[in-house]
Protein chains: 2
Amino acid sequence: MRDKFKRHLRDSGLKVTAPRTEVFEFLEKNDLTTISAVIGHCGGRADRASIYRTIGLFRELGIIHDVVAGGKRMIELSDRFASHHHHLSCLRCGKSEAVSDRVLESDLDRIAQKNGFRQVSHQIEISGICARCQRG
Amino acid sequence: MRDKFKRHLRDSGLKVTAPRTEVFEFLEKNDLTTISAVIGHCGGRADRASIYRTIGLFRELGIIHDVVAGGKRMIELSDRFASHHHHLSCLRCGKSEAVSDRVLESDLDRIAQKNGFRQVSHQIEISGICARCQRG
DNA sequence: TCCTAATTGCGACTTTTTTGCAAATTGGGC
DNA sequence: GCCCAATTTGCAAAAAAGTCGCAATTAGGA
């Protein structure tokens, strides 16, 4: 994925730099994270301003997208750089697990198509109380 | 809905105040908005701090929830105070339209159930290029 | 109407995000 | 491998967003 990422940048006429690689690698290892976590982790090696610029750039390029999980705004790699999935988050313990579901996906496609939308992407977040917390 | 809202507050031992009513009425008229829009609109009649406190309270009470649309964090009334729906947002013109779909809903229920989740809620955002922008 | 707890508005403050600019770096060409 | 131009970085400063303590005000039950 790292090579694909570098190619993606170069193909867009952009440079592969240390802060960009740093942030990308962090996102690869951390599905569903926050901007402050990225700063907390990459902050020693890259300036805060560069991290914000990098995240903004990644958003524009569609490398990442935003999600709200448990009321917090989070970011994650998008489909081209991570396998397509959604999240089930527990409101009590805060953990979230990945979900993939074919039927769901085809419904979403159907809806977009019915409304005349193209180049569609989507994000879903399901929240509730997970099985473990129901017992606890 | 306004009465239901007032009852909801009083039942929770909370007071119906001007800032709270102000913010609620703005949200009723503006599906999917931002905090700064609320401040921009109610700011003359209520203090910024009170608006933040009100929004925080509404979130805790489940009166509103957060959504990300086009990279921006937005808020909207939740199901009990607005009919359950999701959004199709156009990445080009920024407009979003409401969507309701029974099949989609039952799939989401099925997924939560399969994973042992209870008291489930979900949010979905579908984005792409709308029919009008495809022509333009 | 009175009383008390809840809530507001204000102002100061912290945190988060953005911006301008000189210095440093990347990557294509030689 | 070295050079150059364009891009990108780091820094410092500022704007924007959000939080907090507290005295003054207000809602609503008795």
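Predicted model only: the values in this text are computed from it and were never measured. Only this structure's heavy atoms are used, side chains among them; waters, hydrogens and symmetry mates stay out.
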Donor-acceptor contact below 3.5 Å, side chain [X] vs main chain [Y]:
{"X": "B:Glu125", "Y": "A:His122", "value": "no"}
{"X": "A:Glu76", "Y": "A:His65", "value": "no"}
{"X": "B:Ser12", "Y": "B:His8", "value": "yes"}
{"X": "A:Arg10", "Y": "A:Val16", "value": "no"}
{"X": "B:Asp47", "Y": "B:Ala49", "value": "yes"}
{"X": "B:Ser78", "Y": "B:Ile63", "value": "yes"}

- Message: Less than 3.5 Å apart, any donor N or O on the side chain of A:Glu22 or A:His41 sitting next to an acceptor on the other?
- Response: no
- Which atom of B:Cys90 lies closest to which atom of B:Cys130, heavy atoms considered: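 Smallest interatomic distance, heavy atoms only, reads SG-N, 3.4 Å.
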- If you find the nucleotide of DNA chain C closest to B:Gly13 and the one closest to B:Ile51, which residue's nucleotide is nearer the 5' end?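 That would be B:Gly13.
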- Can you check each nucleotide of nucleotides 25-30 of chain C against protein heavy atoms at under 4.0 Å and return B for base, S for sugar-phosphate only, - for none, in 5' to 3' order? -BS---
- Message: Under a 4.0 Å threshold between the charged nitrogen and the carboxylate oxygen, would B:Arg59 count as salt-bridged to B:Asp66?
- Response: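 Yes, B:Asp66 and B:Arg59 are salt-bridged.
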- Task: Output yes when A:Arg110 and A:Asp107 qualify as a salt bridge under the 4.0 Å nitrogen-oxygen rule, no when they do not.
- Result: yes
Just the rounded figure in Å: distance from [atom2] of [N] to [atom1] of [X].
{"X": "B:Asp11", "N": "D:dG28", "atom1": "CG", "atom2": "P", "answer": "12 Å"}
{"X": "B:Ile55", "N": "D:dG18", "atom1": "CD1", "atom2": "P", "answer": "8 Å"}
{"X": "A:Leu57", "N": "C:dT18", "atom1": "CG", "atom2": "P", "answer": "13 Å"}
{"X": "B:Arg7", "N": "D:dA27", "atom1": "CZ", "atom2": "C1'", "answer": "19 Å"}
{"X": "B:Tyr52", "N": "C:dG11", "atom1": "OH", "atom2": "P", "answer": "18 Å"}
{"X": "A:Phe58", "N": "D:dT8", "atom1": "CZ", "atom2": "P", "answer": "11 Å"}
{"X": "B:Leu9", "N": "D:dG28", "atom1": "CG", "atom2": "C1'", "answer": "13 Å"}
{"X": "B:Glu60", "N": "C:dT7", "atom1": "CD", "atom2": "C1'", "answer": "15 Å"}

- Message: Less than 6.0 angstrom separating the ring centers of B:Phe5 and B:Phe58, yes or no?
- Response: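 B:Phe5 vs B:Phe58: aromatic centres under 6.0 Å.
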- Message: Pick the closest DNA chain D nucleotide for A:Ala49 and for B:Ala49 by heavy atoms, then say which residue is nearer the 5' end.
- Response: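 Whichever sits nearer the 5' end wins; that is A:Ala49.
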Report, one pair per line, the protein and nucleotides 13-15 of chain C atoms (nitrogen or oxygen only) whose separation is under 3.5 Å.
none

- Task: Could you identify which residues of residues 20-36 of chain A place a heavy atom less than 4.0 Å from some atom of DNA chain D, listed by residue number, or say none?
- Result: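 Hits under 4.0 Å, by residue number: A:Arg20.
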